Amino acid sequence: MLKQQKDAMRPSESFPKVKYLYGPVATIFASTKTGSWRILRPVIQQEKCTRCGTCAKHCPLDVIEVDRGNREKEVIIDFEYCKGCGICANVCPRKCIEMVPERGVK
Ligand code: SF4
Ligand code: SF4
């Protein structure tokens, strides 16, 4: 590379601080709708669920809403962002989350 080209690439005094990006970067996380990745969907058997909150604690996307101890309120999953990883089903002590094929759900 020519010296002139190298100099042109360097941030100069007059140039404000520059951040270099080395790949694609999501600047608005909410725009990454991870729900579109899902092949399996978690289905909760609400009547078996004790609202312990274990699933919500372990969900990597924090998309499970549990009112702990309140059996009157159903556990809610935000399917816009749930990616169907199945961690919630694996950690549920009551085994009341079933992963079902996405296409089978009406
Ligand atoms: S881990 Fe299972 S029992 Fe506990 S709140 Fe989640 S679904 Fe209900
Ligand atoms: S399947 Fe994964 S992303 Fe979806 S609610 Fe369960 S733990 Fe969260």
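Positions are given from 1, in the same order as the sequence printed here. Predicted model, so just to flag it, every value in this text is computed and none were measured. Atoms within each ligand, like the ligands themselves, are counted from 1 in listed order.
Tally of protein N, O or S atoms closer to atom 4 (Fe) of ligand 2 than 2.8 Å: 1. Counting only protein N, O or S atoms, the number found under 2.8 Å from atom 4 (Fe) of ligand 1 is 1.
The stretch residues 74-85 participates, sequence neighbours left out, in these salt bridge (charged side-chain N to carboxylate O under 4.0 Å, His left out) pairs: K33-E80.
With a heavy-atom cut-off of 4.0 Å, A89 does not touch ligand 2 at all.
Residue R71 qualifies as enclosed at atom CZ: its count of foreign heavy atoms under 6.0 Å is above 12.
In terms of heavy atoms, C55 sits closest to V91 at CA-CG2, 4.1 Å.
Heavy-atom proximity to P60, at under 4.0 Å, picks out these atoms of ligand 2: 7 (S).
Between E65 and K73 there is a side-chain heavy-atom pair separated by less than 4.5 Å.
For R38 (side chain) and G84 (main-chain N/O), no donor-acceptor pair under 3.5 Å exists by modelled atom type.
Interatomic distance, SG of C85 versus NE2 of H58, reported as 11.5 Å (0.5 Å rounding).
Other residues sharing the hydrophobic cluster of W37, ordered by chain and number and joined by side-chain separations under 4.5 Å: none, the residue standing alone.
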Exercise. Can you check side-chain contact (heavy atoms from CB on, under 4.5 Å) on Q46 and R51, steps first, answer last?
Worked result: CA-CA 9 Å; Q46 300 283 350; R51 313 297 192 263; 3.7 Å; yes
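Stacking of R41 on the aromatic ring of F79 is recorded, both the 6.0 Å distance cut-off and the 45° axial limit being met.
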